[in-house]
*Asks:* 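Before we start, here is the structure in question, set down as structure tokens.
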There are 2 protein chains.
Amino acid sequence: MSVLKEFNRVLKEKGYKFTSQRQHVFEVVVENDGEHLNSQEIYELVRKKYPEIGVATVYRTLALLEEMKLIYGVDFEDGFRRYEIVKDDKEHRHHHLICLECGSIKEGENDLLGTIEEEILRKDKFKVTNHKVKFYGYCDKCLKIMEKNNKTHT
Amino acid sequence: MSVLKEFNRVLKEKGYKFTSQRQHVFEVVVENDGEHLNSQEIYELVRKKYPEIGVATVYRTLALLEEMKLIYGVDFEDGFRRYEIVKDDKEHRHHHLICLECGSIKEGENDLLGTIEEEILRKDKFKVTNHKVKFYGYCDKCLKIMEKNNKTHT
DNA sequence: ACTCATATAGGAATATCTCCTAAATATTCG
DNA sequence: CGAATATTTAGGAGATATTCCTATATGAGT
Ligand SMILES: [Mn+2]
Ligand SMILES: [Mn+2]
Ligand SMILES: [Zn+2]
Ligand SMILES: [Zn+2]
């Protein structure tokens with residue numbers, strides 16, 4: 001797996017040691033792509049393969065991985081810090097479509113904001129290097145249900 | 001002040017009682033527009049005018065005001081929940097430009113994402129009603145300093 | 001003013017996350 | 001390989017933001 005090699009390479013590069021704890025935490029985030037696991041969930045999953053790991057190590061490692069730009073922190077305002085793997089474009093994140101009805105979280109494309117960022121540079125003289133974008137609204141499924149209910153009511 | 005009348009009206013409408021605690025909390029958020037105060041800061045400011053208020057009441061009230069869509073919660077991932085007043089367009093929020101160098105937070109315009117939301121509706125069949133957008137990068141001031149340093153080094 | 005549902009104060013409880021320290025371990029070098 | 005050493009870890013204590021609990025207080029309708 002080339003992701004793991006990259007992981008090892010970046011560790012070396014920054015002078016950090018390769019430990020099985022770090023590898024397991026990273027692997028759990030990689031294996032659960034799209035899940036947006038929180039720290040505790042990651043801790044539980046790592047424990048299945050590496051029961052002796054401590055919770056502080058998981059927190060430390062997640063912070064380290066984030067600093068190394070191998071994972072991203074996401075915040076869905078539910079009291080947990082959540083994480084996802086960094087893919088392809090390391091600089092620009094994908095956005096999330098959060099349904100206010102069913103709570104589903106869908107991932108969007110990551111290159112929608114290019115023109116807006118140019119506009120921000122021109123207008124605000126602010127050089128954007130990354131963004132965190134959440135769209136709230138109604139997903140396809142819920143929209144259809146709401147439409148149907150509307151028809152029934154009239 | 002028409003904001004306070006609106007506040008009173010929405011309270012009545014939803015069957016909530018008008019209390020001086022609620023008024024003071026709301027006023028503090030209104031008076032500190034652009035500041036993004038956290039719950040504790042709001043608590044301290046309210047105490048200056050209303051010393052007997054309890055911290056739980058402030059938290060309860062902030063949640064209530066958010067539910068009433070009179071204030072918005074913002075998250076700058078510093079461990080505090082922060083709040084800002086809702087202005088003009090109740091449905092669409094402004095975005096924030098966060099400088100990675102000096103930590104400054106500048107507010108952006110709130111109508112940049114219209115075309116993107118149309119695209120999301122077409123592509124993802126997701127009806128956007130609101131968004132939370134943070135841009136990370138470098139502010140005008142820091143960009144200039146960085147440019148100058150670059151020149152010095154070469 | 002009386003009634004009563006709602007709201008509050010204050011402190012206890014919860015929960016996420018961080019800090020501390022002795023022991024363990026990865027890496028380097030001979 | 002084995003020793004030296006700086007880093008990392010486990011586990012528990014600690015920190016701190018937020019919520020819960022309950023007796024008391026209060027707003028609003030009559
Ligand atoms: Mn995601
Ligand atoms: Mn703002
Ligand atoms: Zn939905
Ligand atoms: Zn700056």
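In what follows, chains are A, B, ... by sequence order, proteins preceding strands, each numbered from 1.
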*Asks:* Please check if the side chain of A/Arg22 supplies one atom and the backbone of A/Lys17 the other of a donor-acceptor pair under 3.5 Å.
*Replies:*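 Here the side-chain-to-backbone pair exists.
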*Asks:* Do NZ/NE/NH1/NH2 and the carboxylate oxygens of A/Arg81 and B/Glu77 come within less than 4.0 Å?
*Replies:* yes
*Asks:* Quick one: side chains of residues 37-46 of chain B, donor-acceptor pairs under 3.5 Å with protein atoms, not counting sequence neighbours, listed by atom name and distance.
*Replies:*
from    : atom 1 : to      : atom 2 : distance (Å)
B/Asn38 : OD1    : B/Gln40 : N      : 3.0
B/Asn38 : OD1    : B/Glu41 : N      : 2.7
B/Gln40 : NE2    : B/Tyr59 : OH     : 3.4
B/Glu41 : OE1    : B/Asn38 : N      : 2.9
B/Glu44 : OE1    : B/Arg47 : NH2    : 3.4
B/Glu44 : OE2    : B/Arg47 : NH2    : 3.4

*Asks:* A/Asp75 has an atom CG; how far is it from atom P of D/dA17, in whole Å?
*Replies:* 17 Å
*Asks:* Counting only heavy atoms not in B/Lys48 (residues, nucleotides, ligands), do more than 12 fall under 6.0 Å from its NZ?
*Replies:* no
*Asks:* State whether the number of non-hydrogen atoms from other residues, nucleotides or ligands found under 6.0 Å of A/Lys127 atom NZ is greater than 12.
*Replies:* no
*Asks:* Hey, are A/Lys106 and A/Asp140 close enough for a salt bridge, meaning a charged N less than 4.0 Å from a carboxylate O?
*Replies:* no
*Asks:* So if I define the base as every atom that isn't primed, P, OP1 or OP2, how would nucleotides 16-21 of chain C read as a B/S/- string at a heavy-atom cutoff under 4.0 Å?
*Replies:* SBBBB-
*Asks:* Answer yes or no: is there an ion pair linking A/Glu147 with A/Lys144, defined by an N-O contact shorter than 4.0 Å?
*Replies:*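 Here A/Glu147 does not pair with A/Lys144 in a salt bridge, since their nearest N and O are not under 4.0 Å apart.
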*Asks:* Expressed in angstrom and rounded to an integer, what is the separation of B/Ile42 atom CD1 from D/dT18 atom P?
*Replies:* 10 Å
*Asks:* Going by heavy atoms closer than 4.0 Å, what residues in residues 14-26 of chain A are next to DNA chain D?
*Replies:* A/Tyr16, A/Lys17, A/Thr19, A/Gln21, A/Arg22
*Asks:* Considering the options A/Tyr72, A/Phe135, A/Phe76, which one meets the ring-ring contact (aromatic ring centres under 6.0 Å, His included) requirement together with A/His96?
*Replies:* A/Phe76
*Asks:* Report the distance from atom CZ of B/Arg47 to atom P of C/dT8, rounded to the nearest whole Å.
*Replies:*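 Atom-to-atom, B/Arg47 to C/dT8, this comes out as 17 Å.
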*Asks:* 5'-most contact on DNA chain D: B/Lys12 or A/Glu52, nearest heavy atom basis?
*Replies:* A/Glu52
*Asks:* Quickly work out the A/Asp78 CG to D/dT18 C1' distance and round it to whole Å.
*Replies:* 14 Å
*Asks:* Return the value, rounded to whole Å, for the distance between atom CZ of B/Phe7 and atom P of D/dG27.
*Replies:* 13 Å
*Asks:* Can you check the B/Leu65 CG to C/dA7 P distance for me, whole Å?
*Replies:* 13 Å
*Asks:* Is there a donor-acceptor contact under 3.5 Å linking the side chains of B/Tyr16 and B/Glu67?
*Replies:* yes
*Asks:* Output the rounded distance in Å from CG (B/Leu62) to P (C/dT8).
*Replies:* 12 Å
